Amino acid sequence: MRRKPETDRVVLVTGAATGIGAAIAEAAITRGHRVLLTDIDADAVQETARRLGTRAAAFRLDVRDAASWAKAFDTAEATFGPVDVLVNNAGIIHTGHARDLSLQQHRDIVEVNLLGTMTGIHTALPRMTAQGRGHLITICSMTSFLALPGYATYGGTKHAIRAFHHAVALEERHGPLHFTILHPPSTRTKMLEQELADPTSVTAFSEKSTSPEHVARIVVDAITTKPVEIVFPPLAGRVQRIAGALPQIIRWLIPTVEAAGKRKRQQLIDSGKTHLFTVPGGPK
Ligand SMILES: NC(=O)c1ccc[n+]([C@@H]2O[C@H](COP(=O)([O-])OP(=O)(O)OC[C@H]3O[C@@H](n4cnc5c(N)ncnc54)[C@H](O)[C@@H]3O)[C@@H](O)[C@H]2O)c1
């Protein structure tokens with residue numbers, strides 16, 4: 001069988017109307033791949049795909065809906081061919097401390113971030129195994145290592161996604177599939193804007209944020225290099241990963257982290273930078 005070139009993969013991205021997902025779709029197309037952009041927001045994902053040209057197509061996918069997942073894979077196959085790469089990117093946050101969120105808000109986060117990602121992987125496994133190839137890329141978060149105030153359920157879902165992803169990868173290690181999980185730092189998207197609006201999310205501002213385009217370049221490199229796990233920035237990411245395993249260290253560090261986050265968040269607000277999100281393809 002003729003091998004497909006590494007630069008012409010069929011990629012399905014969730015949450016691709018905006019933010020990291022849209023940037024991944026754009027970077028993948030620039031490298032020669034073809035992308036089915038999916039999102040719960042049908043109009044926005046249509047508009048993003050239209051902007052990216054003929055190697056892009058759009059489909060409305062609510063990641064919580066198993067039947068829509070099957071239709072998304074069928075649509076990708078009918079449009080471009082069988083899906084080679086699934087990028088599970090869609091995610092949400094409701095900001096605030098656990099006691100102040102409604103139970104429904106806690107459930108929303110679990111349903112999208114955790115069950116949505118699990119449903120995607122569950123849909124992809126038999127299809128990709130049958131076709132003899134496939135790469136499952138999970139966009140997770142540094143909160144999969146760190147339990148932080150303001151991120152109780154969000155971080156809980158990210159811890160769980162990481163465990164699920166790696167456990168499935170081990171179960172499938174004798175098969176044809178590849179698994180990569182990636183943990184971006186704070187990234188300038190609408191999600192980070194939402195966090196900027198709420199002082200309970202200050203820890204997100206204690207570190208330097210990055211752009212969705214930077215995260216996207218690393219994701220698209222991973223389509224070729226297939227690393228098991230990526231934390232970044234590489235050094236600070238490793239330190240955070242170790243600290244996360246030791247809650248005593250976090251208890252000791254958290255006042256310093258919160259003070260730095262508070263100061264930097266205030267600097268952003270004072271400089272009028274409440275709009276952090278840059279439209280992909282627009283001025284950076
Ligand atoms: N922005 C950050 O600082 C940051 C840091 C680490 C990890 N992440 C993760 O990266 C991923 C993308 O985040 P982002 O910052 O681009 O977010 P964003 O809010 O900018 O975009 C998320 C996209 O997901 C879509 N979406 C929401 N619910 C959906 C559903 N049920 N089904 C399908 N699509 C849905 C939204 O319509 C939106 O287009 C998320 O998993 C997030 O947890 C973000």
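Bear in mind the structure is a predicted one, so any value in this text is a computation, not a measurement. Positions are given from 1, in the same order as the sequence printed here. In each ligand, atom 1 is the first atom listed, and ligand 1 is the first ligand listed.
Each ring pair (Phe, Tyr, Trp, His ring centres under 6.0 Å) pair with one or both residues in residues 36-66, not counting sequence neighbours, would appear here, but there are none.
With a 4.5 Å cut-off on side-chain heavy atoms, Ile121 and Met118 do not count as touching. Between Val87 and Ile139 the shortest side-chain heavy-atom distance falls below 4.5 Å. At a threshold of 4.5 Å between non-hydrogen side-chain atoms, the residues Lys264 and Glu207 do not count as touching.
Between Ser186 and ligand 1, not a single N/O pair is under 3.5 Å apart. An N or O contact shorter than 3.5 Å is missing between Ala16 and ligand 1 by distance. Geometrically, ligand 1 and Asp41 share no nitrogen or oxygen pair separated by less than 3.5 Å.
By the criterion of a heavy-atom distance under 4.0 Å, the side chain of Arg64, and not its backbone, is placed next to ligand 1. Contacts between Ala22 and ligand 1 below 4.0 angstrom, taking non-hydrogen atoms only, are absent altogether. Only the side chain of Val112 comes within contact range of ligand 1, with a heavy atom under 4.0 Å; no backbone atom does. Within the 4.0 Å heavy-atom criterion, neither part of Glu195 lies near ligand 1.
Near Leu61, meaning under 4.0 Å from one of its heavy atoms, ligand 1 places the atoms 32 (N), 33 (C). Close approach of ligand 1 to Gly19 is summarised as follows: ligand atoms under 4.0 Å from at least one heavy atom of the residue are 16 (O), 20 (O). Shown in contact with Lys190 at under 4.0 Å from a heavy atom are these atoms of ligand 1, numbered in order with element: 20 (O). Using a 4.0 Å cut-off to heavy atoms of Ile20, the atoms of ligand 1 that qualify are 10 (O), 16 (O), 44 (C). Residue Asp62 approaches ligand 1 through these ligand atoms, each under 4.0 Å from one of its heavy atoms: 30 (C), 31 (N), 32 (N). Close contacts of ligand 1 with Gly91, meaning ligand atoms under 4.0 Å from a residue heavy atom, involve 22 (C), 40 (C), 41 (O). Counting atoms of ligand 1 from 1 in the listed order, those under 4.0 Å from a heavy atom of Ile92 are 27 (C), 28 (N). Heavy-atom contacts of Tyr154 reach the following atoms of ligand 1: 7 (C), 8 (N), 9 (C), 42 (C), 43 (O) (cutoff under 4.0 Å).
Between Arg50 and Glu47 there is a salt bridge, with a side-chain nitrogen of the basic residue lying less than 4.0 Å from a carboxylate oxygen of the acidic one. Salt-bridge annotation for Asp74 and Arg127: present, with a side-chain N of the basic residue lying under 4.0 Å from a carboxylate O of the acidic one. Taking a cutoff of 4.0 Å between a charged side-chain nitrogen and a carboxylate oxygen, Glu195 and Arg265 do not qualify as a salt bridge. For Asp84 and Arg34, the salt-bridge test fails: no basic side-chain N is under 4.0 Å from an acidic carboxylate O.
Residues satisfying the side chain to side chain donor-acceptor pair (under 3.5 Å) criterion with Thr138, sequence neighbours excluded, are His165.
Among Asn88, Asp65, Ile40, the residue whose heavy atom lies nearest to atom 29 (C) of ligand 1 is Ile40. Of the options Asp108, Ile109, Asn89, the smallest heavy-atom separation from atom 41 (O) of ligand 1 is shown by Asn89. For atom 24 (O) of ligand 1, the nearest non-hydrogen atom from the set Gly15, Ser209, Ser201 comes from Gly15. With distances taken over non-hydrogen atoms, the option nearest atom 36 (C) of ligand 1 out of Asp39, Asn113, Thr189 is Asp39.
Assignment of Pro185 to the shell around ligand 1 is supported, since a heavy atom sits closer than 4.0 Å. By the 4.0 Å heavy-atom criterion, Met142 is excluded from the residues contacting ligand 1. Not a single heavy atom of Thr14 sits closer than 4.0 Å to an atom of ligand 1. Heavy-atom separations between Cys140 and ligand 1 include at least one value shorter than 4.0 Å.
Within 6.0 Å of CG on Asp43 lie no more than 12 heavy atoms contributed by other residues, nucleotides or ligands. Other residues, nucleotides and ligands contribute over 12 non-hydrogen atoms within 6.0 Å of the NE2 atom of His97.
No path of Ile, Leu, Val, Met, Phe, Trp and Tyr side chains, each step under 4.5 Å between heavy atoms, connects Val168 with Ile181, placing them in separate hydrophobic clusters. Cluster membership check: Val228 does not share its hydrophobic cluster with Leu136, using side-chain heavy-atom separations under 4.5 Å among Ile, Leu, Val, Met, Phe, Trp and Tyr.
Between atom CG of residue Asn88 and atom CG of residue Leu182 there is a gap of 12.5 Å, rounded to the nearest 0.5 Å.
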